[in-house]
Every structure is written in structure tokens, then in C-alpha cells.
Amino acid sequence: MCGIIGYTGPDKVKNILLEGLAQLEYRGYDSAGIAIAREDGSIYVEKQTGQTANLKAACEQSDADGHCGIGHTRWATHGGVTRLNTHPHRAGKVTLIHNGIIENYHELIEEYQLQDQLVSETDSEVAAALLNRFYDGTNPKEAIKKTVALLEGSFAFCILFEGLTDRIYCIRSVSPLVASSTEHGSLVASDITAVIKYSRKYFVVPEHQLMILYPDHIDLLNEEGIKTEPEILEVNWDVESAQKMGFPHYMMKEIHEQPEAIRKTIAPRLKNGVPSFEDEGMDDSVFASFTNINVVACGTAMYAGMVGKAVIEPIVKIPVTVQIASEFRYSTPLINENTLTIVVSQSGETIDTLAALRLARSCGSKTLAIVNVKGSSIARESDYVLYTHAGPEIAVASTKAYSVQLSAFYLLACKIAMVRGIFDHAQAKDFINNLYQCIDAISGILEQKDQIREAAKCLENAEHAYYIGRGLDYAFSMEGALKLKEISYVHAEAYAAGELKHGTIALIEKNIPVVAFATQDSVYNKTISNIREVKARGAYVLLITKENAEIPAGVCDMHLTVPIENDLFTGLPTVVILQLLAYYTSLSKGLDVDKPRNLAKSVTVE
Ligand code: F6R
């Protein structure tokens with residue numbers, strides 16, 4: 001949520017900020033603004049509602065520039081999408097940008113009588129007003145210390161103080177910030193995509209430490225004011241990975257990157273053709289003794305967990321529960337030291353998932369994170385980390401991150417089965433070969449794009465759509481329905497096919513699209529019966545099966561196939577069909593595929 005960028009150094013700052021905001025726009029695109037410290041000590045602020053292109057156009061009207069500045073792209077939480085609510089917020093000598101939520105801002109307004117000083121409806125401006133109240137014109141550190149001591153909630157702040165034309169003060173709690181000191185100045189950002197152009201080396205700003213960016217170095221001070229050294233990380237992808245590379249949208253590019261991303265996630269973990277996680281600090285003992293698995297995550301990552309459950313349970317025969325992190329974090333979890341909690345997150349920063357992880361640890365559960373972003377909060381706080389190697393995912397709708405999460409679950413299922421004597425070496429190898437076949441199968445699906453585009457026509461004008469399937473097919477259909485909802489705004493629901501007749505079938509009427517999955521042999525006939533039930537009520541059925549399936553006459557209006565024979569592995573190619581269906585539906589409706597309304601990529605607020 002919300003993108004932050006800051007730079008101080010020898011180069012002109014305006015373009016660096018605008019380019020950085022464009023890179024970070026997927027974190028929020030309600031409005032955007034910049035603040036630049038001018039050489040005369042004053043601060044230039046420009047802000048605009050809408051996407052960062054509007055801000056850029058407004059900035060072109062002014063020649064104001066400098067060498068030190070901050071920029072922000074907003075995902076609105078407190079207060080509507082207005083220019084006044086747009087960051088940066090200014091109070092006296094203080095100008096700041098904020099990502100996070102100050103939960104006690106109402107109390108602070110009253111206690112410090114700030115009402116008359118506020119022009120926006122935001123919680124962030126309250127922090128600016130408090131900083132200004134405590135700033136005596138000489139000691140920014142003291143003002144920051146006093147202010148953050150009062151704040152409840154989460155925050156990442158970048159602050160300019162009038163007159164201090166070369167430095168940016170930053171501090172964070174929970175909300176992410178990374179920084180990089182380069183030969184051409186110092187940078188801070190809410191994630192590495194905005195920094196990678198300037199440096200592959202960066203560090204995650206430690207929580208509660210004050211960071212001061214100077215043109216030639218960065219100081220980190222702990223709560224006692226003592227300098228600390230950050231742990232330097234290096235990204236293993238390059239700047240092109242965060243660009244469209246000739247594709248019309250990031251989403252399409254990322255859909256195409258799935259074969260390679262899956263390969264990169266699987267290959268480094270194979271020894272003698274079977275999974276090994278020893279290089280990641282997980283020897284066999286990690287997988288030997290837990291009695292149950294608890295998966296927690298949000299959205300698409302949680303749906304990956306549903307597939308994980310459907311893969312692990314029948315093989316390993318231990319219970320796997322999948323829980324929505326925002327529910328789990330406020331529940332009384334029935335987990336203990338015999339539970340392995342698997343947290344799944346592309347960003348590694350989703351606040352609910354992070355809180356769920358902390359709760360699981362407090363219950364004594366061991367925690368394993370399946371995470372894409374290196375050094376992220378969830379990765380750092382878990383006992384074990386299995387990084388997925390999808391590279392940066394920029395489109396708001398998750399695609400390749402989901403596929404690599406599924407791949408990680410397959411690897412884990414195989415490993416647990418081996419350690420517990422369920423799979424011998426040959427069986428494990430065979431399992432992994434099946435997983436590898438999914439990569440080719442996905443490439444095959446990508447070649448059928450035109451057919452899928454044609455199939456998507458049934459969704460274009462629909463108000464509602466239903467996704468149905470049984471077992472693993474039900475697990476994929478949940479992700480398919482979410483993709484359609486989020487980028488094409490068609491109301492879509494996933495139902496276990498056998499459950500329809502217990503209520504939902506009342507909603508089926510003439511021509512309503514039903515995307516039906518029947519890739520599981522064990523329930524194939526049952527699913528076909530359920531499809532007949534909706535067909536009999538006038539539904540338009542788009543059926544997805546394996547290639548060799550026999551399709552009874554009249555059961556569907558459109559038919560797509562996945563080139564996989566083993567039931568356990570149909571998910572990866574199936575989901576690519578679902579992603580493309582959602583993509584083409586959104587495209588045909590003229591919507592912004594990469595930046596659907598009301599959403600942001602990284603959900604770092606509750
Ligand atoms: C949907 C989507 C979201 C995320 C969810 C969790 O396409 O991307 O549902 O999956 O917000 O995000 P991460 O994986 O970053 O924890």
C-alpha cells in the first residue's frame with residue numbers, strides 16, 4: 001500500500017522521483033505527490049489526484065527542482081481521493097510522506113489540539129502536525145523520537161525539514177522501507193523496484209531505527225542513538241524484469257514468465273532429481289515430526305494454500321488447514337509445537353499474514369514462509385524460508401507468484417512424503433517429473449491464447465459468472481473467480497460443484513456463464529452431472545478438462561483442454577487458462593488490466 005521514494009545526491013531529483021513513482025504505482029494509484037528541498041531552504045510541493053502521469057504533467061509546468069526530495073503514490077485509507085488528502089503533507093517546517101495507518105490519530109488530534117492545523121482528512125497529516133509541534137528548528141531527531149513514541153499502528157515516514165536541504169529523515173514500524181547508498185547519491189523506497197535502476201545492493205531499514213539519508217552516505221541510529229550497520233542484500237534480477245519488455249501489460253508479461261519462474265523455483269532445490277532444502281537450512285528433521293499443517297495467507301496466496309492442502313493431505317495423510325490470515329490473527333488458534341505453520345506471501349509484507357505468522361510463533365508452532373520478496377518482513381521473521389524465484393510481480397493481479405507458490409507446495413509435499421517413508425526415491429523422482437511436465441503444459445496453453453480469447457467472450461457482458469469444480473478443481477476455481485472479479489469487475493463466485501444444488505443453483509438462469517472444471521478422474525462423472533444441472537437451467541458452459549476426456553454431447557458450449565494426464569498436476573496449466581480468461585475479459589471491457597480500481601499490490605494495512 002502506498003509507494004514511497006526519496007533521493008538525495010548530486011543529480012537533479014525531480015525526474016528520479018517521478019520515475020520512481022511510476023515504478024511504484026502498483027502499490028497505489030489514487031493520487032501522487034512530490035516534495036523537493038530547494039537550494040534556498042524552501043520546499044516545493046506538487047500533488048495531483050489520479051495516476052502518476054497526472055503528477056508528471058503538473059510538474060512539467062514548473063521548473064522547480066533540487067537535489068533532495070521525496071515522492072508518494074497513495075492508496076487511500078483515511079479520507080477520499082482528493083488533492084488535499086494527497087501526500088506530501090506539510091505542517092510548518094515539516095513535510096512528510098507516510099505509508100501505513102496511525103490508528104490513534106483521533107485521540108492525538110484531541111490531546112494535542114491539532115484540529116485547526118489540519119487541512120486534510122488523513123491520519124498522516126496528524127503525524128506531520130505533531131512533528132512540527134515538537135520541532136524546535138534545530139533538532140529533527142528529537143522531534144521524530146517524541147512523535148513516534150505517541151503513534152499506534154504502522155508507519156514508514158520520509159521527512160524533509162525546511163532549511164535542511166540535503167537530507168531525508170526516515171523511520172518505520174511494520175510498513176516496509178528499503179534503502180541504498182550509491183556512488184550517485186542515497187535512495188529510500190517502499191520496495192526495491194524503484195531502486196534497482198540505481199543499485200542492486202540495498203538494505204531493509206530496521207524497524208524503529210532512525211535513518212538519515214545524506215548525499216554521500218546513510219546513517220542508521222538505534223533507539224539509544226548509536227550508529228548501526230545494516231545487512232546489505234543483493235537482488236538477483238535486473239531492471240528489465242520490472243519492465244513490460246514489449247508486452248502490452250505487466251499481467252500478460254508475467255503470465256508468460258510462468259514457465260521460467262516455475263523452473264527457477266524448482267531446479268535449485270533438486271538433488272539427484274528429488275527435493276532437498278538443506279541449502280535453505282531445512283534438513284530432514286524439519287519435515288519428520290509435525291502432526292498437522294496450518295496454512296495462513298491472504299487472497300491468491302491463500303488459494304495457493306488450498307491447492308497445497310489438496311496435494312499434501314492425500315499423499316502425506318496429515319490434516320492441513322487453510323486459514324485467511326485476517327481471520328486467523330484474531331482467532332484462538334488450535335495449533336502448538338506439533339504444528340507446522342506455512343505462511344504464503346508474494347510480497348512478504350502483507351500485514352495480516354505477518355500478524356498471523358507472529359501469532360503462530362507465539363503458540364509454539366514452527367513457521368515456514370513461502371515468499372517471493374527477499375529480505376521481506378515475513379521472510380525475516382519465519383523460522384524457515386522457501387523463496388519463490390518469480391522475480392518482481394508488478395501487475396496488481398497475481399499470476400506468476402501463484403504458480404510458483406503452487407510449485408513450492410508440490411516440492412514440500414514430495415519432501416514430506418520422502419522423509420516419512422511414503423515415497424521412495426523413484427516415486428519422488430516420478431512426482432518431480434510430473435511437476436516438470438507442467439512447465440511444458442503451460443507453454444502449450446500460452447500457444448492457445450487466441451482460443452482462450454474467444455472463450456472469454458462469454459464473460460465480457462456478463463454481470464455474474466460461476467466457477468465450479470470438485471476437489472482440486474474447486475481449489476483452482478477459487479483463484480479463477482478472484483482473477484475475474486479483480487480485473488474485469490464481473491461478479492464471480494467459485495462453488496464446489498456438488499454444493500450448487502444446496503442453494504446457489506437458484507441463481508442460474510439463461511446464458512449465465514459457468515466455467516466448469518472437470519480435470520479430476522475420480523470425480524469426473526459426478527462433475528459432469530453437476531454441469532448437466534446448470535446446463536439444464538440455461539447456463540452457458542465453458543468446460544475445462546484433460547485432453548483425453550470424453551465429453552458427453554450437449555454438456556458444454558465451449559471446451560478447453562489441459563495437456564496433463566496426472567490429476568494431481570492439472571492445476572498449473574488450468575490456472576493459466578483462468579488468468580488469460582480474466583485478462584481478455586478485462587481488456588475487452590477497456591479496463592486498466594494492471595491497475596484495477598480500488599486495489600493495490602502490497603496490502604500493508606489492516
Ligand atoms: C490477487 C492478489 C491478492 C494477493 C494478496 C496477498 O491477485 O494479488 O489477493 O494475493 O493480497 O498478497 P501477498 O501474496 O503479497 O501476501
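Side chains are part of it too, since the values below use all heavy atoms of this structure and drop only hydrogens, waters and symmetry mates. Whatever order the structure lists ligands and atoms in, that order sets their numbers, starting from 1. As the structure is a prediction and not an experimental result, all values here were calculated from the model.
At a 4.0 Å heavy-atom cut-off, ligand 1 touches E486 through the side chain alone. Neither the backbone nor the side chain of N372 comes within 4.0 Å of ligand 1, counting heavy atoms alone.
Atom CD of E234 has more than 12 heavy atoms from other residues, nucleotides or ligands within 6.0 Å. The 12-atom threshold is not exceeded at NZ of K264, counting heavy atoms of other residues, nucleotides or ligands nearer than 6.0 Å.
Checking side-chain atoms of T86 against main-chain N and O of S31 turns up no donor-acceptor pair under 3.5 Å.
Remark: ligand 1 atoms within the under-4.0 Å shell around heavy atoms of A397 are 7 (O). Counting the atoms of ligand 1 from 1 in the order shown, those under 4.0 Å from a heavy atom of K483 are 1 (C), 7 (O). Within ligand 1, counting atoms from 1 as listed, the ones closer than 4.0 Å to a heavy atom of Q346 are 13 (P), 14 (O), 15 (O), 16 (O). Counting atoms of ligand 1 from 1 in the listed order, those under 4.0 Å from a heavy atom of S347 are 13 (P), 15 (O), 16 (O). If you number the atoms of ligand 1 from 1 as listed, the ones under 4.0 Å from a heavy atom of A301 come out as 10 (O), 14 (O).
Closest to atom 12 (O) of ligand 1, if we only count protein heavy atoms, is T350 OG1, 3.4 Å. Scanning the protein heavy atoms around atom 11 (O) of ligand 1, the nearest turns out to be V603 CG2, 3.9 Å.
Not close to ligand 1: T399, with no non-hydrogen atom less than 4.0 angstrom away. Within the structure, ligand 1 lacks M302 among the residues with a heavy atom less than 4.0 angstrom away.
Ligand 1 has an N or O atom lying under 3.5 Å from an N or O atom of S398, backbone or side chain.
Between F277 and F287, the ring-plane angle classifies as tilted under the 30° and 60° cut-offs. Taking the six-membered ring for Trp and thresholds of 30 and 60 degrees, Y105 and H78 have ring planes more than 60 degrees apart, a perpendicular arrangement.
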Yes or no on salt bridge (charged side-chain N to carboxylate O under 4.0 Å, His left out) for R263 and E260, after CA distance, side-chain angles and deciding distance?
CA-CA 5 Å; R263 203 185 310 277; E260 194 48 29; 3.5 Å; yes

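Of the candidates G348, C298, S345, P596, it is C298 that places a heavy atom closest to atom 5 (C) of ligand 1.
Annotation: salt bridge (Lys or Arg N to Asp or Glu O under 4.0 Å) contacts involving residues 359-376, sequence neighbours excluded, comprise R361-D383.
Residue F569 forms a ring pair (Phe, Tyr, Trp, His ring centres under 6.0 Å) with just one option from Y436, Y410, F476, and that option is Y410.
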